[in-house]
Amino acid sequence: MRLIRTPRAAAFCAAALLLTTACGSSGSGGSSATGLHPPALKAPAELGRTEGQVNLIAWAGYVEDGSNDPRVDWVSGFEKRTGCQVRAKVAASSDEMVKLMKTGAYDAVSASGDASLRLIASGDAAPVNTGLVPHYKDVFDGLKNGAWNSVDGRMYGIPHGRGANLLMYDTAKVTPAPTSWSAVFDDAARYKGHVTAYDSPIYIADAALYLKSRRPELGIKNPYALDRKQFDAAVALLKRQNKYVGEYWGDYLKEVSAFKSGDSVIGTTWQVIANLAASEGAKVKALVPKEGSTGWSDTWMVSSKAKHPNCAYKWLDWIVSPKVNAQVAEYFGEAPANSRACAETTDKNFCAVYHAADEDYWKKIAFWNTPIEQCLDGRRDVTCVPYAEWVRAWTEIKG
C-alpha cells in the first residue's frame with residue numbers, strides 16, 4: 001500500500017462556505033429537520049448508450065491510470081470494458097471541486113462531506129438512481145442515506161469510502177494509555193510542546209465533540225451545529241490547548257516524522273498514518289476515544305449538467321465494484337464502501353484494521369459536515385455559527 005492521500009486541511013480553508021438561507025442544509029435526521037430544499041431535479045429512469053468519454057474531478061489517488069505507478073491502474077480496465085475514455089482533474093480542495101462542478105464541464109466528482117451538501121443545495125449535483133448502479137446494493141448500510149449524501153431518503157451519490165480521525169500516542173512516553181480526548185484538551189499541559197492537532201477550522205468540531213460529553217450543560221448534539229454559546233466554548237477550549245501544541249499538521253509525512261523524532265507524542269491522526277508511523281519504527285497506537293471521533297466520507301456525485309451521464313453512471317458502478325473498490329481503499333488508505341471489497345484486498349487483514357464492516361465502530365464517528373446558520377441538529381429557536389466564522393476563529397486560535 002502506498003499512501004498518497006492529499007492533505008484535507010486545504011479542503012476546509014475557504015473563507016466562505018455559506019449556503020443560502022433558502023437552501024438550508026442537511027444533517028442528522030434528514031432535510032425535514034434542517035430545512036434543506038434542493039432544486040427539484042430528477043434522476044434518470046434508465047441509461048442510454050455510453051458517450052465515449054467521462055470527465056471526472058477527484059482526490060489524488062482515486063482515479064489511477066498507471067501513469068503514477070504502472071502497478072496501480074483501474075482506469076484502463078474501465079475504458080476497455082465501457083468504451084468511456086476517462087479525463088480526470090485532481091482537485092486540491094473541496095472548494096476547488098465545487099467551483100469546477102459549477103462550470104458544467106465535469107460529469108462526476110468524489111465529494112467530501114463539506115462539498116456534497118453545497119453541491120446538493122445549489123443544484124449542481126443531481127439525485128442518483130441507485131437502481132442503475134448494480135453494485136450499490138453491496139455498499140455498507142452505514143454509508144447509505146447519510147446526512148452528507150442524501151435528502152429525504154434520496155441519495156445524491158454513491159459512497160466511495162470512509163475514515164476516522166483518531167487519537168494517536170507514543171506508548172513509551174504517554175502513560176497510562178489514554179482513553180479520552182481529555183489527553184489533548186484538559187490534560188494537555190502534561191505534554192506541553194508535544195501535542196499535535198489537525199490544522200483546519202473543522203478541528204473546532206473535535207473540541208465540540210469532546211465538550212458534548214465533558215460539559216453536557218452546553219447541550220451540544222451535533223459538533224457541526226453550534227450556537228454562539230457552544231461555539232465560543234469550543235473556541236475557548238482550543239485557545240487553551242494552543243499553548244501546549246507543538247505543531248498543527250496538514251501533511252501526513254510531517255506527522256509521521258514528528259512522532260518518530262519525539263517532537264510529537266500525542267494528537268489527532270488517521271489510521272493510515274498510524275500504520276505508516278509504526279512501520280517506520282515509531283512506538284505508537286491509535287484509537288477512537290470514549291467520546292467518539294470526527295471523520296470523513298467521500299461520495300461520487302453526478303453533475304446535473306453532465307454531458308456524459310451514461311458514462312458517469314458506468315464509472316460510479318465501476319469504482320464501487322468489489323475488486324476496484326478494494327484497490328482504491330488499499331492504495332489510498334481508507335475503509336472501502338463495498339462490503340464485498342474486503343474479500344479482494346491484497347492484505348487480508350486490511351478491512352479489520354480499518355474497521356470496514358464494523359458498523360458499531362462507525363456509529364461513534366461524526367462525519368464532516370458544513371456548519372451553516374440553520375442548525376444541523378434541527379433547532380429552530382437559535383442561529384448556528386456558519387463556517388466562515390469557523391475560519392476566522394481558527395486564525396485567532398492559532399494566534
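Numbers for residues simply follow the sequence, beginning at 1.
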Here the pair of heavy atoms bringing Ala335 nearest to Trp362 is CB-CZ2, 3.8 Å
Between Lys283 and Asp170, does the salt bridge (charged side-chain N to carboxylate O under 4.0 Å, His left out) criterion hold? Intermediate values first, please. CA-CA 6 Å; Lys283 297 178 180 179; Asp170 185 318; over 6 Å; no
Count the heavy atoms belonging to other residues, nucleotides or ligands that lie under 6.0 Å from CD of Glu217, then report whether that count exceeds 12. yes
Residues in salt bridge (Lys or Arg N to Asp or Glu O under 4.0 Å) with Asp124, at least two apart? Lys102, Lys305
With the side chain counted from C-beta on, respond yes when Val54 and Arg87 share a heavy-atom pair under 4.5 Å apart, and no when they do not. no
Residues passing the side-chain hydrogen bond (donor to acceptor under 3.5 Å, both in side chains) test with Ser304, sequence neighbours excluded, are none
Side chains of Tyr354 and Asn349: closer than 4.5 Å at any heavy-atom pair? no
Show, in sequence, the C-alpha distance, side-chain angles and deciding distance for Glu291 and Lys212, and conclude whether the salt bridge (charged side-chain N to carboxylate O under 4.0 Å, His left out) test is met. CA-CA 8 Å; Glu291 298 90 0; Lys212 179 181 177 181; over 6 Å; no
Measure the spacing between CD of Gln85 and CZ of Phe78 and express it to the nearest 0.5 Å. 9.5 Å
Please check if the number of heavy atoms outside Lys42 that lie under 6.0 Å from its NZ is greater than 12. no
Can you name the salt bridge (Lys or Arg N to Asp or Glu O under 4.0 Å) partners of Asp263, sequence neighbours left out? none
Checking side-chain contact (heavy atoms from CB on, under 4.5 Å) for the pair Val128/Tyr156: CA distance, chi angles, key distance, verdict? CA-CA 5 Å; Val128 167; Tyr156 277 76; 5.8 Å; no
Distance-only donor-acceptor pairs under 3.5 Å for side chains of residues 223-237, two or more places apart:
{"residue": "Tyr224", "atom": "OH", "partner": "Ala366", "partner atom": "O", "Å": "2.7"}
{"residue": "Tyr224", "atom": "OH", "partner": "Trp368", "partner atom": "N", "Å": "3.4"}
{"residue": "Asp227", "atom": "OD1", "partner": "Lys229", "partner atom": "N", "Å": "3.2"}
{"residue": "Asp227", "atom": "OD1", "partner": "Gln230", "partner atom": "N", "Å": "2.9"}
{"residue": "Asp227", "atom": "OD2", "partner": "Arg379", "partner atom": "NH1", "Å": "2.8"}
{"residue": "Arg228", "atom": "NH1", "partner": "Glu389", "partner atom": "OE1", "Å": "3.3"}
{"residue": "Arg228", "atom": "NH2", "partner": "Glu389", "partner atom": "OE1", "Å": "2.6"}
{"residue": "Arg228", "atom": "NH2", "partner": "Glu389", "partner atom": "OE2", "Å": "3.4"}
{"residue": "Gln230", "atom": "OE1", "partner": "Asp227", "partner atom": "N", "Å": "2.9"}
{"residue": "Gln230", "atom": "OE1", "partner": "Arg379", "partner atom": "NH2", "Å": "3.1"}
{"residue": "Gln230", "atom": "NE2", "partner": "Leu218", "partner atom": "O", "Å": "2.9"}
{"residue": "Gln230", "atom": "NE2", "partner": "Gly219", "partner atom": "O", "Å": "3.1"}

Do you know which of Leu166, Val184, Leu167 makes side-chain contact (heavy atoms from CB on, under 4.5 Å) with Pro289? Leu167
Sequence neighbours left out, what passes side-chain contact (heavy atoms from CB on, under 4.5 Å) with Pro309? Give chain and number order. Glu51, Ala306
Between Trp74 (side chain) and Lys323 (backbone), is there a donor-acceptor pair under 3.5 Å? no
Can you tell me how far CE of Met301 sits from CG of Leu119, rounded to the nearest 0.5 angstrom? 5.5 Å
N/O donor-acceptor pair under 3.5 Å between Asn325 side chain and His160 backbone: yes
Going by the rule salt bridge (Lys or Arg N to Asp or Glu O under 4.0 Å), which residues pair with Lys398 if we only count those two or more places apart in sequence or in a different chain? Asp199
Say you draw a straight line from CD of Gln327 to CD of Glu64; how long is it, rounded to the nearest 0.5 Å? 11.0 Å
Those residues at least two apart in sequence (or on a different chain) that pass ring-ring contact (aromatic ring centres under 6.0 Å, His included) with Tyr248 are Trp394
Could you tell me whether the side chain of Ser180 and the main chain of Ser182 form a donor-acceptor pair under 3.5 Å? yes
Run the salt-bridge test on Glu334 and Arg162 with the 4.0 Å N-O cut-off and return the result as yes or no. no
State, yes or no, whether a side-chain contact exists between Pro44 and Leu132 at a heavy-atom distance under 4.5 Å. yes
Minimum-distance pair of heavy atoms, taken over all atoms of Tyr387 and Ser200: OH-OG, 4.1 Å
Under the salt bridge (charged side-chain N to carboxylate O under 4.0 Å, His left out) criterion, do Glu247 and Lys254 qualify, and how do the steps go? CA-CA 9 Å; Glu247 182 178 42; Lys254 289 184 178 179; 5.4 Å; no
Could you pull out all residues at least two apart from Tyr210 that satisfy ring-ring contact (aromatic ring centres under 6.0 Å, His included)? Phe185
Only pairs at least two apart or in different chains count here, so list each disulfide (SG to SG under 2.5 Å) that has a residue in residues 286-326. Cys84-Cys311
Where at least one partner belongs to residues 179-190, residue pairs that pass salt bridge (Lys or Arg N to Asp or Glu O under 4.0 Å), sequence neighbours excluded: Asp186-Arg214
Path from Phe140 to Leu316 over hydrophobic side-chain contacts below 4.5 Å: no
Does any donor atom in the side chain of Tyr62 or Asp298 lie under 3.5 Å from an acceptor atom in the other side chain? yes
Look at the aromatic rings of Tyr198 and Trp249 and report parallel, tilted or perpendicular, splitting at 30° and 60°. tilted
Backbone of Val385 reached by a side-chain donor or acceptor of Trp390 within 3.5 Å: yes
Side chains of Thr370 and Trp148: donor-acceptor distance under 3.5 Å anywhere? no
Nearest-0.5 Å distance that lies between atom CG in Leu276 and atom CD1 in Ile273: 8.0 Å
Give me the one residue out of Asn149, Ile158, Val139 that meets side-chain contact (heavy atoms from CB on, under 4.5 Å) with Lys144. Val139
Check: His308 main-chain N/O paired with Asp107 side-chain donor or acceptor under 3.5 Å: yes
Partners passing salt bridge (Lys or Arg N to Asp or Glu O under 4.0 Å) against Arg154 (at least two apart in sequence or in another chain): none
With a 4.5 Å cut-off on side-chain heavy atoms, are Leu238 and Ile204 touching? yes
Which residue pairs pass the disulfide (SG to SG under 2.5 Å) test with at least one member in residues 334-374, sequence neighbours excluded? Cys342-Cys351
Indicate yes or no for a side-chain donor-acceptor contact from Asn310 to the backbone of Gly48 under 3.5 Å, with no hydrogens or angles considered. yes
Distance-only donor-acceptor check, side chains Asn165 and Trp270, under 3.5 Å: yes
Between Asp347 and Thr345, is there a side-chain donor-acceptor contact under 3.5 Å, judged purely by atom types and distance? no
Is the ring pair Trp300/Trp315 parallel, tilted or perpendicular, if the boundaries are 30 and 60 degrees? perpendicular
Applying a strict under-4.5 Å side-chain criterion to I, L, V, M, F, W and Y, I'd like to know whether Val86 and Ile319 cluster together. yes
Linked, directly or transitively: Leu209 and Ile266 (ILVMFWY side chains, under 4.5 Å): no
side-chain contact (heavy atoms from CB on, under 4.5 Å) for Val174 and Tyr191? Distances and angles first, verdict last. CA-CA 8 Å; Val174 177; Tyr191 314 106; 3.4 Å; yes
